[in-house]
Amino acid sequence: METKHPIIRVRNLHKIFGRDLHVLRGIDLDVQPAEVIVIIGPSGSGKSTFLRCLNFLEEPTSGTIEIDGVVIPAGEPGRERREHIRQIRAKMGMVFQQFNLFPHMTALENVIEGPVTVKKIPKEEAIRKGEELLEWVGLSDKRDEYPSRLSGGQQQRVAIARSLAMEPKIMLFDEPTSALDPELIGEVVEVMERLANEGMTMVVVTHEMHFAKDVADRVLMMEDGMWIEQGPPEEIFTNPKEERSRQFLAHIL
Amino acid sequence: MTDSVSAPSGGIPPTARLALDQLASRRRRFNINLTIVLIGILFSLFALLTLLGLDLRFMGSWLGFLLTGIGYTLMVTVLAITLACIIALLGALGRLSRNPIANGLATFYVSLIRGTPLLVQVYMWYLALPQIGQALEQAGIPGVQKLLTLPAIPAGILALGVCYGAYMTETFRAGIQSIDIGQTEAAQALGMTQSQIMRRIILPQALRVVIPPISNDFIAMIKDSSLVSLMGVWELSYRATKIGRRYFRSLEMLIMAAAIYWVMCIILQAAQARIEERMARGERRKQ
């Protein structure tokens, strides 16, 4: 595994909000292709900020991020840099806690928006692909529904299909099930598991410990903007080394 | 994951049925009472006007003359609101821009125009602009005085459009800012550019938000268009005051003019309701 070049490589990432709110304190991370990473930790520990830094929805204060060979150091914005950021965003899908579907578009229109607008793929082709994706997430019959007519679980599955339509190499999930009613979590987790089994590289921030146990190759625990523990899930969940991880796990398991 | 809530197998109990009926009849009674009150108000108004001894024959004979003034009123209003919408969109983008020139210009424009009376602005376009032209002509730019000496109607359209554009800039800006940041982030995550996000994601949603306040401005402008009468344009209110003064029948003429404005605004309100209904597709209605 170590011989392959990592598809995500983060070095010494810091994020400071305002002048002194130090949220990320020197994060390093290597993710291999097809690896499934789950990030856990108490709320406010910086997990979501870290994930959002990966596709520059949050601008890192210092450090370097490399995605699939494109290296972007933190720094002043410029035209070339903006272009690099758009390149890596197109390689990386992101799924949000609040779904963030476009409410003025139907499910299918949501899914084809990226391919048609960003990749300039002909509409008929995008629609064919979009229909396949909606079928893959089990929502063929909802293709012409607006998001407001879908349940939370259905919306999140459309959001996953929307991201996949860009044919990303990496998928980021920012607490994808936290806004869902308990009975709707399963349908979203099931889609994520299938995605993992198909070899997608995934970085998942979640409180869904079943997913972490069953699917993750590696679990990382964050506290106060630093990794406090990482390893395969069986190790983290059964035999955590750090006292603080033990406390956190006792809390949520 | 059922789409609709079905009644439990026992069906709706009689007491609940009764409560529903009462609710419906209360609603119906309110509507009936409201209609009665409105008819009563209209009737009183007519009674009052009759008491005043209005010269109905006089009114009838000048109605056609007044109605031809609607043409000017509508033309000025429609052109000015179109201009205002274009300015407002650019102004809002400027106000939200991080480019200091665009932001500064937009902020200055809104502040200046909102801070001065429309009446003064109308005169500026009509009376003061030619003087600027003269000064520039003397400074050595040939033909500029003629260019800046505007006829009444273009001056009025520019004055109204530029003025309302400033107010509507703030409306558009608020509409754009009301769209959840998550929309922008989702679009960014797809790799869309700033202008793609604005055109495809933000503006279509913001437009829906700003339709009611824009319609409000449209209605206000129909009435403010009467300001072009100051420049001698034979629009609705100019005709009314001219004829009213000539025959000492101002009451009759002004009542007619007011009624015509009112009818136009009622028609516009109905149109607004239709547009909002159409734009509401996909949007969950808040009760």
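The analysis underlying the following values was restricted to heavy atoms, covering all of them including side chains, and did not include hydrogens, waters or symmetry mates. Residue numbers start from 1 in every chain, and the chains themselves are labelled A, B, ... in the order their sequence lines are given, proteins ahead of strands.
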State whether the side chain of [X] and the backbone N or O of [Y] hold a donor-acceptor pair below 3.5 Å, judged by distance alone.
X	Y	value
A:His104	B:Arg200	yes
B:Gln196	A:Thr117	yes
A:Arg86	B:Gly191	yes
A:Asn55	B:Ala189	no

More than 12 non-hydrogen atoms from neighbouring residues, nucleotides or ligands closer than 6.0 Å to [atom1] on [X], yes or no?
X	atom1	value
A:Arg194	CZ	yes
A:His210	NE2	no
B:Ile101	CD1	no
A:Glu80	CD	no
A:Glu59	CD	yes
A:Phe17	CZ	yes
A:Lys119	NZ	yes

Under 4.5 Å from a heavy atom of chain B, the part of [X] involved:
X	result
A:Met166	side chain
A:Leu101	backbone
A:Phe102	both
A:Arg52	side chain

Item to check | Distance, nearest 0.5 Å, that separates CG of B:Leu190 from CZ of A:Arg162 | outcome: 5.5 Å
Next on the checklist: Could you go through A:Val118 and B:Thr193, starting from their C-alpha distance and side-chain angles, then the distance that decides it, and tell me whether this counts as side chain to side chain contact (heavy atoms under 4.5 Å, CB included)?
Outcome noted: CA-CA 8 Å; A:Val118 178; B:Thr193 63; over 6 Å; no
Item to check | Minimum side-chain heavy-atom gap A:Met105-B:Pro204 below 4.5 Å | outcome: no
Checklist entry - Going through the checks in order, is the side chain to side chain contact (heavy atoms under 4.5 Å, CB included) test met by B:Met192 and A:Glu113? => result CA-CA 10 Å; B:Met192 292 169 85; A:Glu113 179 62 27; 3.5 Å; yes
